[in-house]
Amino acid sequence: MDYTLAALKIFGSQLAGSTEAPSSEGSSPAQMLFGIRFQRAWMQVPNGRQGVLLSANYNESGEGRLVLDDGSCVAELFVLPKEAEGRRRLAGMYVMVIGAYIAEQSKDNYPAIKVHKMVDLSDQPDREAMWYMEVAEAYNLFYLPFSVASPPS
């Protein structure tokens with residue numbers, strides 16, 4: 001994982017527009033979106049009233065596979081035992097997710113994210129409205145200028 005690359009703040013549906021980044025000597029595999037090379041995505045994923053936790057399966061070793069709806073698409077989340085330990089996520093929670101976008105494991109048109117951090121924001125009353133504003137702000141201030149400067153070839 002190259003932590004010098006951006007962690008894009010996006011809706012799950014925007015991951016479908018990403019492409020494999022051109023490789024160069026010494027660079028690690030990455031994706032491109034808005035003209036920005038990235039490996040990690042930052043998403044807030046609601047479930048319950050606005051979205052639906054479609055499934056949450058944890059195996060005996062503690063690894064979890066969650067299928068969540070963020071209001072823009074369904075995303076598949078892979079949770080390592082370290083992240084799941086003592087903090088299993090349940091239906092009705094509103095969570096913020098940061099993790100590696102693993103395009104090769106995406107199937108059924110679901111983006112796949114290997115979770116690095118998951119935070120329960122269920123107790124935050126303005127969480128959803130603030131998230132939509134944050135994504136729009138990030139797009140307008142950071143991603144749009146890159147996409148205009150680097151149109152797809």
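Just so it is clear, the structure is predicted and the values come from calculations on it, not from any experiment.
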* Closest heavy-atom pair and its distance - Val74, Pro111 -> O-CD, 3.1 Å
* Is a side-chain N or O of Gln39 found less than 3.5 angstrom from the main chain of Leu5, in a donor-acceptor match? -> no
* How far does CD of Glu63 sit from CG of Asn57, to the nearest 0.5 angstrom? -> 12.5 Å
* **Gap separating the CD1 atom of Ile98 from the CE atom of Met118, nearest 0.5 angstrom** => 11.0 Å
* Does the side chain to side chain contact (heavy atoms under 4.5 Å, CB included) test come out yes or no for Leu8 and Gln14, once each step is laid out? -> CA-CA 10 Å; Leu8 297 185; Gln14 292 173 305; over 6 Å; no
* **Heavy-atom closest pair, residues Ser18 and Leu33** => N-CD1, 3.7 Å
* Closest non-hydrogen atom pair between Pro22 and Arg37, with its separation -> O-NH1, 2.9 Å
* Asked: Can you name the closest pair of heavy atoms from Ile113 and Tyr101 and give their distance?
  -> CD1-CA, 4.0 Å
* **Which atom of Gly64 lies closest to which atom of Tyr58, heavy atoms considered** => CA-CD2, 3.5 Å
* Interatomic spacing from OG1 in Thr19 to CE in Met32 - rounded to 0.5 Å -> 6.5 Å
* To do: Mind checking the CG-NZ spacing from Leu80 to Lys114? Nearest 0.5 Å is all I need.
  => 5.5 Å
